[in-house]
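Presented below is the structure to which this report refers.
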Amino acid sequence: MMVSKYSASGNDFVIFHSEEKLDRTELAKILCHRQEGIGADGLVVLIPHEKYDFQGNQSKIDFEWQFYNSDGSHADMCGNASRAAAHYAFKHDLASKNMSFLTGAGVISATIESSDDKKGMVLSELTPPEILDTEIEFNGNSWWLINTGVPHLVRYMDNIEEFDIEEARELRYKYNANVNIVQVVDGNLKVRTYERGVEDETLACGTGMAACFYRAFKEGKVSDSIEVYPISGETLYLGYNGETITFKGKVKNTFNTDWTN
Ligand SMILES: N[C@@H](CCC[C@H](N)C(=O)O)C(=O)O
């Protein structure tokens, strides 16, 4: 089976496509294992939408995806993987440069601005964000819970170097959510995320950056079009049009390999 390895702003994924919709929980754990597998934060499998084929005949939906975290858990959405999956789909002739596909959170649209393998540029339009709670107090700090496809806790910090991973882990289980801290810097944002399903901090999390942006925008700390810096050191470009968040950044197809179980 041919599989592709991708990095989308530091969040990394194994991606392949298949005609079959199967439970790939165990495969996700094997492929994503850092020592015994390929190693990744998540697995994405592109499959034909149940009613339509990969060419998108008669449909606005080009395909459907299955997304698994590295521990094999399913997640409804992954912002960075949506950009990597779009690059993969375009490269494998599964969709054109403007595409839409079905995720657990709903239909996502993506646009390939550059399909270069090492410095591709892809924009995704996420499902509309939803604020679930603005009154969570924990250890004297104010957290918001926001769904940007998956749930994210967000709080501000003056210095994101001081991210307390143990506290993040506690909150992750208490609220069954990903946990983000955000620092406002000259109208832009620095973000760090503890990811559910990876059970550690990752180098970048798209829906996490979107949740941080949404809170900061709602509280008047940033404009509707900003840059966001995850700890991978990359730059993401986020925008809010009053309904949905768009999210653009680099995508790298790091390598492709034949994998046998
Ligand atoms: N890294 C992703 C989010 C992946 C899902 C998350 N770990 C969850 O289980 O909620 C992103 O880029 O959005």
Side-chain angles (χ1 to χ4, degrees), residues 5-15 24-25 28-29 31-32 34 39-45 65-88 101 103-106 108-110 120 122-130 132 143-154 165 168-169 171-182 189 191-215 228-232 234-238 244-252:
K5 178 77 194 287
Y6 271 83
S7 170
S9 309
N11 222 182
D12 60 346
F13 308 99
V14 174
I15 305 182
R24 295 185 164 97
T25 304
K29 290 189 214 169
L31 287 172
C32 295
R34 297 273 175 202
D41 295 326
L43 168 68
V44 181
V45 186
W65 87 357
Q66 296 182 289
F67 180 87
Y68 297 91
N69 287 309
S70 57
D71 69 357
S73 59
H74 161 87
D76 280 343
M77 181 52 192
C78 175
N80 285 323
S82 72
R83 295 185 301 106
H87 186 280
Y88 176 99
F101 53 95
T103 70
I108 295 295
S109 334
V122 182
L123 176 144
S124 278
E125 183 177 2
L126 306 177
T127 49
E130 191 190 350
L132 303 174
W143 295 84
W144 281 24
L145 183 61
I146 303 172
N147 191 319
T148 45
V150 285
H152 284 274
L153 283 161
V154 175
I165 299 290
R169 193 166 280 129
L171 281 161
R172 173 265 181 264
Y173 286 106
K174 189 165 163 100
Y175 292 94
N176 189 24
N178 303 280
V179 181
N180 305 262
I181 54 159
V182 56
L189 299 177
V191 171
R192 289 177 69 175
T193 308
Y194 176 98
E195 273 197 57
R196 185 175 79 159
V198 179
E199 303 315 337
D200 211 339
E201 182 177 14
T202 55
L203 295 181
C205 175
T207 48
M209 290 185 269
C212 292
F213 166 51
Y214 196 55
R215 174 170 182 175
V228 180
Y229 316 113
I231 56 157
S232 63
E234 300 222 1
T235 300
L236 280 300
Y237 304 89
L238 275 78
T244 55
I245 293 173
T246 55
F247 155 64
K248 179 167 92 170
K250 271 196 213 140
V251 165
K252 241 187 241 174

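Ligands are counted one by one from 1 in listed order, and the atoms in each one are counted from 1 as well. Because the structure is predicted, anything quoted here is derived from the model rather than measured.
Proximity of a side-chain donor or acceptor of T193 to a complementary backbone N or O of E195 within less than 3.5 Å is not detected. Side-chain atoms of T103 come within 3.5 Å of backbone N or O of A105 as a donor-acceptor pair.
Contact annotation: for D76 versus ligand 1, there are no heavy atoms closer than 4.0 Å. At a heavy-atom cutoff of 4.0 Å, ligand 1 is contacted by both the backbone and the side chain of T207. At a heavy-atom cutoff of 4.0 Å, ligand 1 is contacted by no atom of V198, backbone or side chain. Contacts with ligand 1 closer than 4.0 Å are made by heavy atoms of both the backbone and the side chain of C205. Heavy atoms from both the backbone and the side chain of N80 come within less than 4.0 Å of ligand 1.
Using a 4.0 Å cut-off to heavy atoms of V150, the atoms of ligand 1 that qualify are 10 (O). The contact set between ligand 1 and M77, taken as ligand atoms under 4.0 Å from a residue heavy atom, comprises 3 (C), 4 (C), 5 (C). Per-residue contacts place N11 under 4.0 angstrom from the following atoms of ligand 1 (heavy atoms of the residue considered): 1 (N), 2 (C), 11 (C), 12 (O). Within ligand 1, the atoms closer than 4.0 Å to a non-hydrogen atom of E195 are 1 (N), 2 (C), 3 (C), 4 (C), 6 (C), 7 (N), numbered from 1 in the order shown. Taking every non-hydrogen atom of A75 and a distance limit under 4.0 Å, the qualifying atoms of ligand 1 come out as 5 (C), 8 (C), 9 (O). Taking every non-hydrogen atom of N69 and a distance limit under 4.0 Å, the qualifying atoms of ligand 1 come out as 4 (C), 5 (C), 6 (C), 7 (N), 8 (C), 9 (O).
Taking a cutoff of 4.0 Å between a charged side-chain nitrogen and a carboxylate oxygen, D41 and R34 qualify as a salt bridge. Under 4.0 Å is where a charged nitrogen must lie from a carboxylate oxygen, and between K5 and D12 at least one such pair does.
The N/O atoms of G206, backbone and side chain alike, include one that comes under 3.5 Å of an N/O atom in ligand 1.
The closest approach between G79 and ligand 1 falls below 4.0 Å for a heavy atom of the residue. Not a single heavy atom of M209 sits closer than 4.0 Å to an atom of ligand 1.
Partner N180 forms a side chain to side chain donor-acceptor pair (under 3.5 Å) with one of R192, H152, R215 and no other, that one being H152.
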Please test Y68 against R24 for side-chain hydrogen bond (donor to acceptor under 3.5 Å, both in side chains), starting from the C-alpha separation and ending with a verdict. CA-CA 8 Å; Y68 297 91; R24 295 185 164 97; over 6 Å; no
Please test R83 against S9 for side-chain hydrogen bond (donor to acceptor under 3.5 Å, both in side chains), starting from the C-alpha separation and ending with a verdict. CA-CA 10 Å; R83 295 185 301 106; S9 309; 2.8 Å; yes
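Smallest separation of non-hydrogen atoms from M77 and T207: CG-CG2, 3.9 Å.
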